[in-house]
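Counting starts at 1 for both ligands and their atoms, in listed order.
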Amino acid sequence: MNPVSLIQFLIEERRAGHINAELSLLLEVVARACKRIGVAVNKGALGGVLGNAGTDNVQGEAQKKLDVISNEILLEANAWGGHLAACASEEMEDPQPIHDMYPKGHHLLLFDPLDGSSNIDVNVSVGTIFSVLRCPDEVTEPTAEHFLQPGTAQLAAGYVVYGPATVLVLTFGHGTHEFTLDREVGSFVLSRRAVLIPPTTAEFAINMSNQRHWEAPMQRYVGELLAGKDGPRGRDFNMRWVGSMVADVHRILTRGGVFYYPLDAKIRANGGTGKLRLMYEANPMAFIVEQAGGMATTGRARVLDVQPTALHQRVPVFLGSQEEVALVTHYHCEADGAQDGGR
Ligand code: AHM
């Protein structure tokens, strides 16, 4: 069978009524921008792109040169096409409106231009994560409040992992699909249609160095995993942690597993509500994972049901294989004396 390119796939999805022409164009533009980011990432030291940019982002984190470059590539690529009303980026405090010199579209694009950027300088996989919302019909000048829609309102979400291969994963709410970049031809080609995450797993991803700060239900759950076949779970579990959410989630989409970034006492002591950003990381990844048959919660509720209150809001994240996410969510809800969250 002939390989299906991303463009062909988008045409099929339009014919099936899953997306409209404007959303199809938006996804083509984002995919093209990510190819350019991939080129910059691949150049490494030869492109002069490693190291810090010497600036801080809105979160007060030191920006890497590639954070800044990737953000600019996505902004520039999306400015003129007429498919967007505004963009919001993890790297920018406020949304970026579309300049009056260009036509405006009906979509809002949110992105984390380069997730896992602490891994850039050591040549470990990094990625771009994005989410698409509809701009409310009556709004011509969108502001931050117009982006504050729950994850269930997402029209599309995806990520690109810049690893040994450059891989794009996409959902429009009709399954999760994977495309691999054919570098010789220069186009993304469908490599897995309707990806499914196995419901059970023996592999978990978590930053164990935070263990002493975790809440009791998290201590209980991970303690049981670590006890392996001698403990209540009766089987051994293995751990994998890349430290790039995109790479960790991609592993889960490939062979199952779970990824956890819980709320802990250290985060709370700094006035935080979680490590990962709801709008740029948790929501798009939750949409992708649910569409692949997995589950995504905050430990207490379904991620996609969280009503955002701020553009850069952070939440705890528990996602991946159903059985494990349901159990860890149950432990949190039980400790709170609440009904189980999730879905
Ligand atoms: P970033 O957007 O600054 O790169 O941070 C997000 C990353 C995730 O990719 C990863 O899962 C997590 O932060 C790792 O954080 P830590 O090393 O602090 O545990």
> For Leu276, is at least one N or O under 3.5 Å away from an N or O on ligand 1?
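No, there is no polar N/O contact under 3.5 Å.
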> Distance to 0.1 Å, residue and atom name: give those for the protein heavy atom nearest to atom 13 (O) of ligand 1.
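Looking only at protein heavy atoms, the one closest to atom 13 (O) of ligand 1 is Lys275 CE, 3.3 Å.
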> Does Arg277 approach ligand 1 within less than 4.0 angstrom via side chain, backbone, both or neither, non-hydrogen atoms only?
side chain
> Against heavy atoms of Gly116, which atoms of ligand 1 measure under 4.0 Å?
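Result: 1 (P), 4 (O), 9 (O).
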> Give the residue and atom name of whichever protein heavy atom lies nearest to atom 10 (C) of ligand 1, and the separation in Å to one decimal.
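For atom 10 (C) of ligand 1, the nearest protein heavy atom comes out as Gly243 O, 3.3 Å.
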> Taking both backbone and side-chain atoms of Asp115, is any N or O found less than 3.5 Å from an N or O belonging to ligand 1?
yes
> Measuring from Ser89:OG to Asp112:CG, what's the distance to the nearest 0.5 Å?
7.5 Å
> Can you list the atoms of ligand 1 that are under 4.0 Å from a heavy atom of Ser117?
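Under 4.0 Å from Ser117, ligand 1 has these atoms: 4 (O).
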> Checking salt bridge (Lys or Arg N to Asp or Glu O under 4.0 Å) for the pair Arg233/Glu323: CA distance, chi angles, key distance, verdict?
CA-CA 12 Å; Arg233 300 299 302 273; Glu323 187 181 286; 3.7 Å; yes
> If we only consider heavy atoms of Tyr261, is any one of them less than 4.0 Å away from an atom in ligand 1?
yes
> What is the distance from atom OH of Tyr221 to atom CG of Leu226, rounded to the nearest 0.5 Å?
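Tyr221 atom OH to Leu226 atom CG measures 10.0 Å (nearest 0.5 Å).
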> Specify side chain, backbone, both or neither for Asn207, according to which of its non-hydrogen atoms lie closer than 4.0 Å to ligand 1.
side chain
> What distance do Leu253 atom CG and Ile197 atom CD1 have between them, rounded to the nearest 0.5 Å?
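Rounded to the nearest 0.5 Å, the CG-CD1 separation comes out at 4.5 Å.
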> How long is the span from the CG atom in Leu170 to the CZ atom in Phe287, to the nearest 0.5 Å?
10.5 Å
> Return the SG to CG distance between Cys34 and Leu74, rounded to the nearest 0.5 Å.
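Rounded to the nearest 0.5 Å, the SG-CG separation comes out at 5.5 Å.
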> Within a distance under 4.0 Å of any heavy atom of Glu281, pick out the atoms of ligand 1 and give their elements.
2 (O), 6 (C)
> Number the atoms of ligand 1 from 1 as they appear, then name those within less than 4.0 Å of a heavy atom of Asp112, with their elements.
2 (O)
> If we ignore hydrogens and angles and just use 3.5 Å, is the side chain of Glu22 paired with the main-chain N or O of His106 as donor and acceptor?
yes
> Report yes or no: do Tyr102 and Leu75 belong to one cluster of Ile/Leu/Val/Met/Phe/Trp/Tyr joined by side chain heavy-atom distances under 4.5 Å?
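The answer is yes; both residues are in one hydrophobic cluster.
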> If the cut-off is 4.0 Å to any non-hydrogen atom of Met245, which atoms of ligand 1 fall inside it?
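Near Met245, meaning under 4.0 Å from one of its heavy atoms, ligand 1 has 8 (C), 9 (O), 10 (C), 11 (O).
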> Any sub-3.5 Å donor-acceptor pair from Ser244's side-chain atoms to Ser125's backbone N or O?
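Looks like yes, one N/O pair under 3.5 Å.
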> If you measure from CZ on Arg212 to NZ on Lys266, what distance do you get to the nearest 0.5 Å?
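Atom-to-atom, Arg212:CZ and Lys266:NZ are 7.0 Å apart.
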> Side chain, backbone, both or neither: which applies to Ser244 and ligand 1 if a contact is any heavy-atom pair less than 4.0 Å apart?
backbone
> What about Glu90: any of its N or O atoms under 3.5 Å from an N or O on ligand 1?
yes
> Leu114 versus ligand 1: do any nitrogen or oxygen atoms come within less than 3.5 Å of each other?
no
> I need the atoms of ligand 1 closer than 4.0 Å to a non-hydrogen atom of Phe259, numbered in the order shown.
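Atoms satisfying the 4.0 Å criterion: 11 (O).
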